[in-house]
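First the proteins, then the strands, lettered A, B, ... as listed; each starts at 1.
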Number of protein chains: 2
Amino acid sequence: MQGYDKYAFEPFAVTVDLAVFTVRAGRLHVLLVERGQEPYAGQWALPGGFVLPDESAETAAGRELAEETGLADSTGSAGLHLEQLRTYSEPDRDPRMRVVSVAFAALVPDPPAVHAGSDAARAEWLPYGTPGPLAFDHDRILADAHDRVCAKFEYTGLATAFCPPEFTLGELRQVYETVWAAELDPANFRRKVLGTTGFVEAIPGAARLTGGRGKPAALYRAGPATSLHPPLLRPTTVSPEGKPS
Amino acid sequence: MQGYDKYAFEPFAVTVDLAVFTVRAGRLHVLLVERGQEPYAGQWALPGGFVLPDESAETAAGRELAEETGLADSTGSAGLHLEQLRTYSEPDRDPRMRVVSVAFAALVPDPPAVHAGSDAARAEWLPYGTPGPLAFDHDRILADAHDRVCAKFEYTGLATAFCPPEFTLGELRQVYETVWAAELDPANFRRKVLGTTGFVEAIPGAARLTGGRGKPAALYRAGPATSLHPPLLRPTTVSPEGKPS
DNA sequence: TCAAAAGTGTTACTGATACACCCATGG
DNA sequence: CCATGGGTGTATCAGTAACACTTTTGA
């Protein structure tokens, strides 16, 4: 940071790219946009855009998320999560010019109708893993985002960001099962969640029929806890030689 | 990422900032440089510099680290760790111009003599937490880096990056105790480390006197494991309401 | 012979897993 | 009355914490 020279640096474009996840019909979905022009015309890409002169990357990401989904920003408010992932800066990641992209992961509850964004050609929720190769280095960004979300499910209450304001423990469990692609014991899951203070809060008298069959389930709200002690570990997915981050 | 217009974006300067840690004499130290000019002239700052036109942020960080410490780059080679932290992009973080900085955390073994860098006014290892407020938002970057390193010590074999190529378990334990600012039971520490396959590898016949007193200790090398199962948890530092990341 | 640090053993406790079992509802 | 999912109880097991104990060195 010594010796600033206004002309010593190459001008970079700085963008944000968003990996926006939701759980719909028991499957993990990602919000993607179809590119209308070269390069990668016709291919799917992550939504994103330029960081404006008076914005931080976080502000730009919140704005883009709102434009694409119609959801309010709010990095902390009711069910909605936006988190910086990392920055991708390989010199050749965009063939046209030097673009440094700050990637974000976002988690939203199910049914935000795809609100055709201001500049988006076509935006759609697609099941995670289904579309072929994405544009640019977006396959890698998406994979990194997925890893991060999976990992954070273990030691944070992040899963509630995928749920509506009021949810049953069965619904919360299905979110975990969907994201982790694993089966969890309902009894033990219940105990762990309820045994962690601040993870969820019971809604006194309420109960919800769970789609016909079965006993009506009690309703819960997301609690104030951000980190879970002890963590909620996923079953056998843990490899003794897995990568750390 | 739709509608690129070469002139629609504000030119940003992109820099890297490095939080370089080492453990020396039982204390955690950080490499800092003294600023020679305004703003923040005379204050300490994190080392860093511009990302050059043909570099990724990772390459630039490795180059800066080598310039400041004289150590080779090598994100994976023997004892030396360089990892992207996150990106800081508040519009007013540098009063002169728009600068987006990609921050990195680096861990190096003890005695790299401070190699006065090409542009560094004065670089010094200072105990973590001692210097007053740093320039720019570097206090926050340094705190974020420290949090990250502490957390990664729990579930990765990262601590060996602070050790020389051959080390005793007592030395490795002191690294943990220094970084966590906590005391660990030598017996249990030993069992956990040796019980985790791939964390450390015994060097057959070797032993080292541990500075006079005590039984000579067996020597070990860093093993190939990057993630630890089960994790090595720090004692009572865990707060039930701590922040996640 | 004493202090210090390495290294071994043992016990008590906590949390996870697995599974059996009861409850309430719709078909 | 049966299938389905909510909810409770409980035995077993693995991993941790705490601490007693032996070994080997320098002073």
Colleague: State which residue, out of A:L228, A:L233, A:V175, fulfils the side chain to side chain contact (heavy atoms under 4.5 Å, CB included) condition with A:F153.
Modeller: A:V175

Colleague: Would you mind reading off the distance between B:R213 atom CZ and D:dG26 atom C1', rounded to a whole angstrom?
Modeller: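 So the two atoms are 6 Å apart, to the nearest Å.
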
Colleague: Is there a side-chain contact between B:R173 and the phosphate of C:dA5, meaning an N or O under 4.0 Å from OP1 or OP2?
Modeller: no

Colleague: Using whole Å, what does the distance between atom P of nucleotide C:dG7 and atom CG of B:D185 come to?
Modeller: 14 Å

Colleague: Quick one: is the NZ or CZ of B:R86 closer than 6.0 Å to the six-membered ring centre of B:Y88, and within 45° of its axis?
Modeller: yes

Colleague: Can you tell me how far C1' of C:dC22 sits from NZ of A:K215, to the nearest Å?
Modeller: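 The answer, rounded to whole Å, is 8 Å.
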
Colleague: Look at the aromatic rings of B:H146 and B:F21 and report parallel, tilted or perpendicular, splitting at 30° and 60°.
Modeller: tilted

Colleague: Are the side chain of A:Q84 and the backbone of B:T87 linked by a donor-acceptor contact shorter than 3.5 Å?
Modeller: yes

Colleague: Reading DNA chain C from 5' onward, which residue's closest nucleotide shows up sooner: B:E171 or B:R191?
Modeller: B:E171

Colleague: Kindly say if A:R190 contacts the phosphate of D:dG7, meaning a side-chain N or O under 4.0 Å from OP1 or OP2.
Modeller: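 Answer is yes, contact under 4.0 Å.
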
Colleague: Over how many whole Å does the gap from A:E183 atom CD to D:dG5 atom P extend?
Modeller: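 For the pair A:E183 CD and D:dG5 P, the rounded distance is 12 Å.
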
Colleague: Rounded to whole Å, please give me the gap between OH in A:Y155 and P in C:dG15.
Modeller: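 That distance rounds to 21 Å.
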
Colleague: A:A217 side chain: which of C:dC19, D:dT25, D:dG7 is closest?
Modeller: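 So the side chain of A:A217 is nearest to D:dG7.
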
Colleague: Can you give me the closest heavy-atom contact between A:W44 and A:P131, atom names plus distance?
Modeller: CD1-CB, 3.9 Å

Colleague: To the nearest angstrom, how far is B:F167 atom CZ from C:dA6 atom P?
Modeller: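 My rounded result for the distance is 14 Å.
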
Colleague: Are A:E124 and A:R122 close enough for a salt bridge, meaning some N to O gap below 4.0 Å?
Modeller: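 Salt bridge flag = yes for A:R122 with A:E124.
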
Colleague: What is the nucleic acid contact for A:A218, judged by heavy atoms within less than 4.0 Å: base, sugar-phosphate only, or nothing?
Modeller: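 The answer is sugar-phosphate, as A:A218 gets under 4.0 Å only of primed atoms, P, OP1 or OP2.
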
Colleague: Let me know the distance between CZ of A:F189 and C1' of D:dT8, rounded to the nearest Å.
Modeller: 17 Å

Colleague: Between the side chains of A:S101 and A:D17, is a donor N or O closer than 3.5 angstrom to an acceptor N or O?
Modeller: yes

Colleague: Taking only N/O atoms, report every protein-nucleotides 14-16 of chain D pair under 3.5 Å with atom names and distance.
Modeller:
none

Colleague: If I take atom CG in residue B:L194 and atom P in nucleotide C:dG7, what distance separates them, rounded to the nearest angstrom?
Modeller: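 It works out to 9 Å between those atoms.
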
